[in-house]
Amino acid sequence: MKYWLLKTEPESFSIQDLQKAPNQTTYWDGVRNYQARNFLRDEIKPGDRVLFYHSNADPPAIVGTAKVVKGGYPDHTAWDKKNHHYDPASTKESPRWYMVDIQLDQIFDSPLSLDDLKKVKSLAKMELLRKGSRLSVQPVTAEEFEVVLEQAGAK
DNA sequence: GCCAACGTTGGC
DNA sequence: GCCAACGTTGGC
């Protein structure tokens, strides 16, 4: 089992939106970055655990957890001309972009803000905390995942 | 709204 | 293959 952090802007899709979704499950579409695509296509598997992060939020924070219920498969929104993430270079014969399905696990009683995370020494190496980090799909170590859960529970 | 950091594009 | 220009991300 692996651990991941997924970023989303709550204005476009929040963890509350996930909570309201059928089966509290959604497909994680719209990733248009090759490094993140490779994780989605090749490495993220059902059963993997996910930290759910709200970027461009006030405050930016890890707001809960989810689990992967379906591994990488072609992102069909790339084929939809009306979709904001439409990409004519992606075809059904040769898909360029991929997505996974996730299901809500838990919403933290109180979110772990970016400021909170920066104060935790054992999280100092998290990709999220790296200056200039923009990757929207990030691997997280098992230890980091556990520490985040502990911190969220302790709040 | 600003802007630093980063990824992508395209001319050469 | 280099790199300037451009677009995007995301904290502040």
Side-chain angles (χ1 to χ4, degrees), chain A residues 2-21 26-44 48-66 68 71-102 104-141 143-145 147-152 154-155:
Chain A
K2 290 183 180 170
Y3 300 85
W4 306 94
L5 181 143
L6 298 181
K7 282 185 196 172
T8 178
E9 301 194 15
E11 266 191 36
S12 56
F13 189 85
S14 70
I15 200 164
Q16 286 75 25
D17 293 329
L18 178 58
Q19 187 177 35
K20 288 179 221 148
T26 190
Y27 52 78
W28 200 258
D29 67 312
V31 171
R32 298 291 181 268
N33 166 281
Y34 289 104
Q35 198 179 350
R37 186 279 309 271
N38 292 345
F39 287 136
L40 291 173
R41 186 187 59 190
D42 306 330
E43 302 213 33
I44 302 187
D48 286 1
R49 306 287 305 274
V50 168
L51 296 174
F52 201 105
Y53 180 77
H54 280 174
S55 62
N56 269 318
D58 187 22
I62 298 176
V63 292
T65 61
V68 177
Y73 62 104
D75 181 343
H76 57 75
T77 67
W79 303 328
D80 177 3
K81 282 187 180 149
K82 283 172 287 190
N83 193 284
H84 183 245
H85 298 291
Y86 172 65
D87 180 2
S90 184
T91 65
K92 293 191 182 182
E93 294 72 30
S94 177
R96 174 171 295 193
W97 305 113
Y98 283 75
M99 58 189 183
V100 299
D101 288 358
I102 63 166
L104 180 65
D105 186 12
Q106 64 166 321
I107 297 180
F108 294 158
D109 289 335
S110 88
L112 257 187
S113 73
L114 193 57
D115 273 349
D116 293 334
L117 295 167
K118 285 176 180 167
K119 289 174 191 155
V120 183
K121 286 202 179 90
S122 48
L123 297 178
K125 290 187 177 168
M126 267 187 98
E127 166 69 16
L128 182 71
L129 302 183
R130 233 193 69 239
K131 185 176 166 69
S133 169
R134 290 170 33 176
L135 197 55
S136 64
V137 176
Q138 309 179 358
V140 170
T141 68
E143 292 74 19
E144 287 163 349
F145 190 89
V147 170
V148 166
L149 288 192
E150 280 169 26
Q151 293 289 320
K155 282 200 73 176

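Order of the sequence lines fixes the chain letters, A, B, ..., with proteins taken first and strands second; residue numbering starts at 1 for each chain. Any value given below was found using the heavy atoms of this structure, including those in side chains, with hydrogens, waters and symmetry copies removed.
For Y3(A), the ring-ring contact (aromatic ring centres under 6.0 Å, His included) test picks out F145(A), with sequence neighbours left out. A search for side chain to side chain contact (heavy atoms under 4.5 Å, CB included) contacts involving S136(A) returns K7(A), V31(A), A36(A), not counting sequence neighbours. Every residue was checked against the salt bridge (charged side-chain N to carboxylate O under 4.0 Å, His left out) condition with D42(A), not counting sequence neighbours, and none meets it. The side chain to side chain contact (heavy atoms under 4.5 Å, CB included) check on S122(A) picks up V120(A), V147(A), with sequence neighbours excluded.
Atom CZ of R37(A) and atom P of dG7(B) are 15 Å apart (whole Å). Between the CG atom of D87(A) and the C1' atom of dT8(B) there is a distance of 12 Å, given to the nearest Å. One interatomic measurement links the two molecules: CG of D58(A) to P of dG1(B), which rounds to 16 Å at whole-angstrom precision.
Listed by first and then second residue, the salt bridge (Lys or Arg N to Asp or Glu O under 4.0 Å) pairs involving residues 72-81 of chain A are R32(A)-D75(A) (not counting sequence neighbours). Annotation: ring pair (Phe, Tyr, Trp, His ring centres under 6.0 Å) contacts involving residues 75-98 of chain A, sequence neighbours excluded, comprise Y27(A)-H76(A), Y34(A)-W97(A).
Distances from the side chain of K131(A) to the nucleotides dG7(B), dA5(B), dT8(B) place dA5(B) closest.
Contacts between residues 78-85 of chain A and DNA chain B, defined by a heavy-atom separation under 4.0 Å, are absent.
Between R130(A) and dC6(B), a side-chain N or O to OP1/OP2 separation shorter than 4.0 Å is present.
Proximity of L135(A) to R130(A): side-chain heavy atoms (C-beta onward) are nowhere separated by under 4.5 Å.
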Can I get a per-line list of side-chain donor-acceptor pairs under 3.5 Å for residues 52-64 of chain A, giving both atom names and the distance, sequence neighbours left out?
from	atom 1	to	atom 2	distance (Å)
H54(A)	NE2	I15(A)	N	3.1
N56(A)	ND2	E9(A)	OE2	3.1

Can you check nucleotides 10-12 of chain C for protein contacts, nitrogen or oxygen pairs under 3.5 Å, and list what you find?
from	atom 1	to	atom 2	distance (Å)
dG10(C)	OP1	K7(A)	NZ	2.7
dG10(C)	OP1	R134(A)	O	2.9
dG11(C)	OP1	Y53(A)	OH	2.6
dG11(C)	OP2	N56(A)	N	2.9
dC12(C)	OP1	K118(A)	NZ	2.9

